[in-house]
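Only heavy atoms go into these numbers, but all of them, side chains included; no hydrogens, no water, no symmetry mates.
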Amino acid sequence: MSDVSGVRGSAVARGWREAAEEALYGPDGFFLRPEGPAGHFRTSVHASPLYADAVARLLCRVDAALGEPAELAFVDVGAGRGELTAGVLRALPPQVAPRARAYAVERAPRPVALDDPRITWTASVPHGVTGLLFANEWLDNVPLDIVEVDPAGVPRLVRVREDGTETLGPEPSRADADWLERWWPLPPEPGFRAELGGPRDAAWAAAVRSLERGLAVAVDYHHARVARPGFGTLTGFRDGRECRPVPDGSCDLTAHVALDACALPGAELLSQRAALGALGVFGGRPPLSLATTDPAAYVRALALAGEAAELTARGGLGDFGWLVQPVGVAARGLLVDVADDEEQ
């Protein structure tokens, strides 16, 4: 529950969107630290190289659907320290790799160790490219404002100070109120909260527009309109542990994504479990007979099965949403129809 009574805490209270923007991406922002996101939390990219392998297979399918263009782009939005970008390039087959050019989109400086000349490090999404745009856990870090229902039953913007102390401010703008009514209607009961997803909708639409032809995929924690959380999802992560969200640059600030609101015409929303299954990632154990005929191979296969199980686990990474947006190509045959079969 927010404090609506007076001034407490440090610095001036401001909206969560503004505060998070500075805390994450300002001069001393969390995402500009040398250790990168991997130093504080584990994504699918860090869980297993199987993830990059699967994304590389998807890039190859996009390549075939595009007619094998002279230059095939892989745009990694929210690239961290380039782990996924480098992994995808390593996994490409010889007939595709020479035509591939990767763009790692990240505000932090390029890591010294990332020396592959095929990777362009950029702070903004390139425009007019043809290929696959892939945003893994990017939208959850696009800052947004938060509203909370006050004692009179009126949604008001939440203001926050640098130490995390919150107060309630004015009512949201007309545009934000319209978004709230359409995508996250709140009951008139004090304390209920919502995260205003308009900035994420706009960020995703701009990313999709950057493609001349190809496929755009956003992968993230998500929720749907029929089951929005009553008190929001904003939280923090520091040193591998969830923590109180404080906009002082000391921790990650993240909130689940309303991917259904982000979706543009023609998009499909899948679970990660279904999407990775369609790309050949399964968590089944290898046959026991392999342990007798080739024990070393059995151990390797068992380790990979464990990694695949983590990536596709119900109640875990497997429940992530994959928002699949085709641009000038048909999504069917790339991922969606196969994934539908996997879900059945």
Side-chain angles (χ1 to χ4, degrees), residues 2 14-26 28-33 35-47 51 76-81 83-84 105-108 134-148 157-158 160-164 166 183-184 193-204 207 217-224 227-262 271-272 311 315-323:
S2 296
R14 50 189 173 166
W16 264 107
R17 183 182 181 187
E18 181 184 352
E21 177 69 30
E22 182 175 339
L24 294 178
Y25 306 110
D28 299 314
F30 176 81
F31 279 113
L32 274 63
R33 293 183 171 194
E35 70 272 18
H40 296 272
F41 52 86
R42 193 163 180 255
T43 71
S44 297
V45 177
H46 310 120
Y51 192 76
D76 182 6
V77 186
R81 294 302 176 267
E83 301 96 332
L84 178 62
V105 183
E106 184 58 70
R107 298 199 205 183
F134 200 86
N136 184 72
E137 294 193 45
W138 167 56
L139 287 173
D140 68 292
N141 289 125
V142 172
L144 38 61
D145 278 316
I146 295 172
V147 294
E148 181 176 319
L157 290 168
V158 177
V160 63
R161 297 181 178 84
E162 192 175 270
D163 66 356
E166 292 182 339
W183 293 111
W184 199 329
R193 289 165 70 114
E195 292 135 8
L196 296 170
R200 292 174 174 180
D201 298 354
W204 180 242
V217 180
V219 181
D220 236 311
Y221 304 93
H222 74 115
H223 44 60
R228 303 281 190 227
F231 301 100
T233 62
L234 178 68
T235 190
F237 281 93
R238 183 191 300 116
D239 299 328
R241 295 179 180 275
E242 190 170 6
C243 64
R244 177 171 170 255
V246 179
D248 61 359
S250 69
C251 65
D252 179 28
L253 298 170
T254 177
H256 290 27
V257 184
L259 286 177
D260 50 351
C262 295
S271 70
Q272 175 156 296
L311 289 171
L317 294 175
D319 290 343
F320 271 42
W322 281 45
L323 180 61

Inset, instruction - May I ask you to decide whether Asp260 forms a salt bridge with Arg228, counting only side-chain N to carboxylate O separations under 4.0 Å? - result: yes

All side chain to side chain donor-acceptor pair (under 3.5 Å) counterparts of [X], not counting sequence neighbours:
X: Asp76; result: Thr85
X: Asp28; result: none
X: Trp322; result: Gln272
X: Arg17; result: none

Legend entry - With sequence neighbours excluded, residues passing salt bridge (Lys or Arg N to Asp or Glu O under 4.0 Å) with Asp140: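 Asp140 satisfies salt bridge (Lys or Arg N to Asp or Glu O under 4.0 Å) with no residue once adjacent residues are dropped.
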
Legend entry - Qualifying residues under salt bridge (Lys or Arg N to Asp or Glu O under 4.0 Å), relative to Glu18, sequence neighbours excluded: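 With sequence neighbours excluded, Glu18 shows a salt bridge (Lys or Arg N to Asp or Glu O under 4.0 Å) to Arg14, given in chain and number order.
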
All side chain to side chain contact (heavy atoms under 4.5 Å, CB included) counterparts of [X], not counting sequence neighbours:
X: His256; result: Tyr221, His223, Thr233
X: Asp201; result: Trp179, Ala261, Cys262
X: Pro245; result: Trp16, Leu234, Leu253
X: Ala108; result: Arg81, Glu106

Inset, instruction - Nearest 0.5 Å please: distance from the CD atom of Glu195 over to the CH2 atom of Trp183. - result: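 It comes to 16.0 Å.
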
Legend entry - Cation-pi check, Arg107 onto Tyr25 ring (under 6.0 Å, within 45° of axis):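 That pair qualifies as a cation-pi contact.
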
Inset, instruction - Please check if any side-chain donor atom of Glu137 sits under 3.5 Å from a side-chain acceptor atom of Thr43, or the reverse. - result: no

Inset, instruction - Report yes or no: do Ser250 and Asp248 form a side-chain donor-acceptor pair below 3.5 Å? - result: yes

Inset, instruction - Under the ring pair (Phe, Tyr, Trp, His ring centres under 6.0 Å) rule, collect the residues that match up with Tyr51, sequence neighbours excluded. - result: none

Legend entry - Set of ring pair (Phe, Tyr, Trp, His ring centres under 6.0 Å) partners for Trp204, sequence neighbours left out: none

Legend entry - salt bridge (charged side-chain N to carboxylate O under 4.0 Å, His left out) between Arg193 and Glu166, intermediate numbers included: CA-CA 13 Å; Arg193 289 165 70 114; Glu166 292 182 339; 2.9 Å; yes

